[in-house]
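A quick write-up on the structure given underneath.
Since the structure is predicted, the reported quantities are computational estimates derived from the model, not experimental observations.
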Amino acid sequence: MAAHADDRISNASMENLTRQVEKRPISTIVFIVAMQKEAQPLIERLRLVKDVNSPFPKEVAWVLFKGIYKELNINIVCPGKDSALGVDSVCTVPASLVTYASIQALQPDLIINAGTAGGFKAKGASICDVYIVSSSAFHDRRIPVPVLDLYGVGMRKAFPTPNLIKELNLKVGRLSTGDSMDMSPHDKESITANDATVKDMEGAAVAYVADIFKVPTILIKGVTDIVDGNRPTSEEFLENLAAVTAKLDESITKVIDFISGKCLSDL
Ligand code: ADE
């Protein structure tokens with residue numbers, strides 16, 4: 001009996017704490033961005049500087065850019081370059097690691113995962129569209145065992161931002177995440193089951209880690225390629241990367257301006 005009463009008290013105080021946090025202005029934001037190229041315009045616009053005393057272990061290539069903009073502590077964390085190949089460390093494993101370490105080191109009020117994605121024209125997506133993600137799930141974790149199947153899909157709702165979406169007139173869609181840029185027939189089936197409008201390689205992993213620590217998370221994705229179109233994905237991605245990055249920068253700046261001075265419950 002006593003243990004149950006204690007549980008009730010701690011649950012009630014947790015709810016109070018959550019409510020209090022939601023009612024104070026957002027102070028610290030961590031952006032998780034897989035490719036530094038995607039983050040560069042924002043780093044420049046917000047005059048963020050590379051942290052030379054990074055809170056991360058010396059062995060990792062993770063890069064932290066930080067600064068204060070409109071009274072918000074803005075941090076952009078990129079997983080940096082692969083030590084062997086010198087390319088950006090994209091995909092879910094580096095994204096999970098940097099999200100975990102960033103939460104531990106920076107204690108953000110809000111995480112924003114921003115980056116590029118493939119879009120489905122059948123779901124209304126066009127090149128250069130910027131989407132606010134309503135929910136994220138995985139499409140390459142197929143485990144045909146009861147309940148483990150649901151764990152594999154790992155569907156999570158993003159933090160609800162109805163006012164932000166309305167004010168900025170942003171498109172909203174579901175995101176499906178996998179570790180491949182192409183789309184196998186199995187992936188296609190799972191993406192359809194996930195009802196996804198956009199497809200990326202990090203979002204659901206960031207959402208998974210943030211959910212463990214109950215850090216509210218928003219995902220913003222710019223469409224570089226049309227997955228159900230007739231162009232090769234990698235060609236279309238490279239061709240549109242600069243233009244979409246510029247569009248993302250514009251939208252993210254508006255998002256930050258909107259967030260400034262607001263509480264989580266105002267979003
Ligand atoms: N990022 C940009 N385009 C993508 C795609 N088609 N699939 C996964 N991630 C992407």
Discussion item. Is it the case that the side chain of S54 and the backbone of F56 share a donor-acceptor pair, with hydrogens and angles ignored and the cut-off at 3.5 Å?
Written reply: yes

Practice prompt. For K214 and D211, run side chain to side chain contact (heavy atoms under 4.5 Å, CB included): C-alpha distance rounded to whole Å, both residues' side-chain angles, the deciding distance at 0.1 Å, then the answer.
Written response: CA-CA 5 Å; K214 300 291 167 245; D211 189 29; 3.0 Å; yes

Practice prompt. Decide yes or no for D149 and V145: does some side-chain heavy atom of the first lie under 4.5 Å from some side-chain heavy atom of the second?
Written response: no

Worksheet item: In terms of side-chain heavy atoms, does T28 have a donor or acceptor partner in D109 at a distance below 3.5 Å?
Response: no

Discussion item. Donor-acceptor check, side chain of D82 to backbone of L85, threshold 3.5 angstrom: yes or no?
Written reply: yes

Worksheet item: Between T245 and M35, is a side chain to side chain contact (heavy atoms under 4.5 Å, CB included) present by the stated rule, with each step listed?
Response: CA-CA 10 Å; T245 298; M35 298 175 77; over 6 Å; no

Fill in: Shortest non-hydrogen contact from A125 toward Y131
CA-OH, 3.4 Å

Worksheet entry | Within-4.5 Å side-chain heavy-atom neighbours: L42 and I74 | no

Worksheet item: Should D257 and S260 count as side-chain neighbours, where that means a heavy-atom distance under 4.5 Å?
Response: no

Practice prompt. Measure the OG1-CE distance between T177 and M201 for me, rounded to the nearest 0.5 Å.
Written response: 10.0 Å

Practice prompt. Taking atom types as modelled, find out whether R45 and T253 have a side-chain donor-acceptor pair closer than 3.5 angstrom.
Written response: yes

Worksheet entry | Sidechain N-carboxylate O distance under 4.0 Å for D228, K121 | no

Worksheet item: When rounded to the nearest 0.5 angstrom, what distance separates CD in E71 from OG in S27?
Response: 10.0 Å

Fill in: Shortest non-hydrogen contact between S176 and F138, atoms and distance
OG-C, 4.2 Å

Worksheet item: Any side-chain heavy atom of F237 within less than 4.5 Å of one from V244?
Response: no

Worksheet item: Taking all non-hydrogen atoms of both residues, which atom of E38 and which atom of A34 are closest, and how far apart?
Response: OE1-N, 3.9 Å

Fill in: Donor-acceptor under 3.5 Å (K199 side chain, M181 main chain)
yes

Fill in: Shortest non-hydrogen separation from P94 to S89 and the atoms involved
CB-O, 3.4 Å

Worksheet item: Is the number of heavy atoms from other residues, nucleotides or ligands under 6.0 Å of E189 CD greater than 12?
Response: no

Worksheet item: Step by step, would you call Q36 with F65 a side chain to side chain contact (heavy atoms under 4.5 Å, CB included)?
Response: CA-CA 10 Å; Q36 204 168 310; F65 297 91; 3.4 Å; yes

Worksheet item: I112, L170: one ILVMFWY side-chain cluster at the under-4.5 Å cut-off?
Response: yes

Worksheet item: Should the pair R156 and Y208 be classed as cation-pi, given the thresholds of under 6.0 Å to the six-membered ring centre and 45° from the axis?
Response: no

Worksheet item: Could you state the interatomic distance from CG (L64) to CG (D51), rounded to the nearest 0.5 Å?
Response: 4.5 Å

Which atom pairs, donor and acceptor, lie under 3.5 Å between side-chain atoms of residues 217-225 and protein residues at least two apart or in another chain?
| residue | atom | partner | partner atom | Å |
| --- | --- | --- | --- | --- |
| T217 | OG1 | V215 | O | 3.0 |
| K221 | NZ | N113 | OD1 | 2.8 |
| K221 | NZ | D200 | OD2 | 2.8 |
| T224 | OG1 | A117 | O | 3.3 |

Discussion item. Can you confirm whether K262 is buried at NZ, in the sense that more than 12 heavy atoms of other residues, nucleotides or ligands lie under 6.0 Å from that atom?
Written reply: yes

Discussion item. According to a hydrophobic-cluster definition based on side-chain heavy atoms being under 4.5 Å apart (Ile, Leu, Val, Met, Phe, Trp, Tyr only), do L72 and V255 belong together?
Written reply: yes

Discussion item. Tell me whether D129 contacts the main-chain N or O of S126 through its side chain, where contact means a donor paired with an acceptor under 3.5 Å.
Written reply: yes

Response to the item:
CD1 of I259 to CD1 of I26, rounded to nearest 0.5 Å, is 5.5 Å

Discussion item. If I compare all heavy atoms of R174 with all of S135, which pair ends up nearest, and what's the gap?
Written reply: CG-OG, 3.3 Å

Discussion item. Keeping R141 on the side-chain end and G152 on the backbone end, is there a donor-acceptor pair under 3.5 Å?
Written reply: yes

Worksheet item: Judged by atom type as modelled, is there a donor-acceptor pair below 3.5 Å linking the side chain of D140 to the main-chain atoms of D179?
Response: yes

Fill in: Close side-chain approach of Y151 and I143, heavy atoms under 4.5 Å
yes

Discussion item. Checking the side chain of N240 only, and the main-chain atoms of I127 only, is there a donor and an acceptor separated by less than 3.5 Å?
Written reply: no

Item to complete: Could you check if a side-chain atom of V77 sits within less than 4.5 angstrom of a side-chain atom of V33, using non-hydrogen atoms only?
Response: no

Worksheet item: Any Lys/Arg nitrogen of R142 or D187 sitting under 4.0 Å from an Asp/Glu carboxylate oxygen of the other?
Response: yes

Fill in: Closest non-hydrogen atom pair, P108 against I111
CG-CG1, 4.0 Å

Worksheet item: What distance separates R24 CZ from L264 CG, expressed to the nearest 0.5 Å?
Response: 8.0 Å

Worksheet entry | Ring-face cation of K254 near F258 (centre distance under 6.0 Å, axis angle within 45°) | no

Worksheet item: Side-chain heavy atoms under 4.5 angstrom apart, residues restricted to Ile, Leu, Val, Met, Phe, Trp, Tyr: same cluster for V90 and L241?
Response: yes

Discussion item. Count I, L, V, M, F, W, Y as connected when their side-chain heavy atoms are under 4.5 Å apart, and connections chain through other members. Are V198 and M155 then in the same cluster?
Written reply: no

Worksheet entry | Side-chain touch I256/F31, heavy atoms, less than 4.5 angstrom | yes

Worksheet item: Roughly how far, to the nearest 0.5 Å, is the CD atom of Q40 from the CG atom of L48?
Response: 10.0 Å

Item to complete: Using the six-membered ring wherever Trp is involved, compare the ring planes of F213 and Y100 and label them parallel, tilted or perpendicular (cut-offs 30° and 60°).
Response: tilted

Discussion item. If you count every heavy atom of other residues, nucleotides or ligands that lies below 6.0 Å from K50 atom NZ, does the total exceed 12?
Written reply: no

Worksheet item: Side chains of I226 and R231: closer than 4.5 Å at any heavy-atom pair?
Response: no

Discussion item. Between D266 and C263, is the side chain to side chain contact (heavy atoms under 4.5 Å, CB included) condition met? List the steps.
Written reply: CA-CA 5 Å; D266 297 330; C263 312; 3.7 Å; yes

Worksheet item: Any link between I132 and L175 through a network of hydrophobic side chains (Ile, Leu, Val, Met, Phe, Trp, Tyr) touching at under 4.5 Å?
Response: no

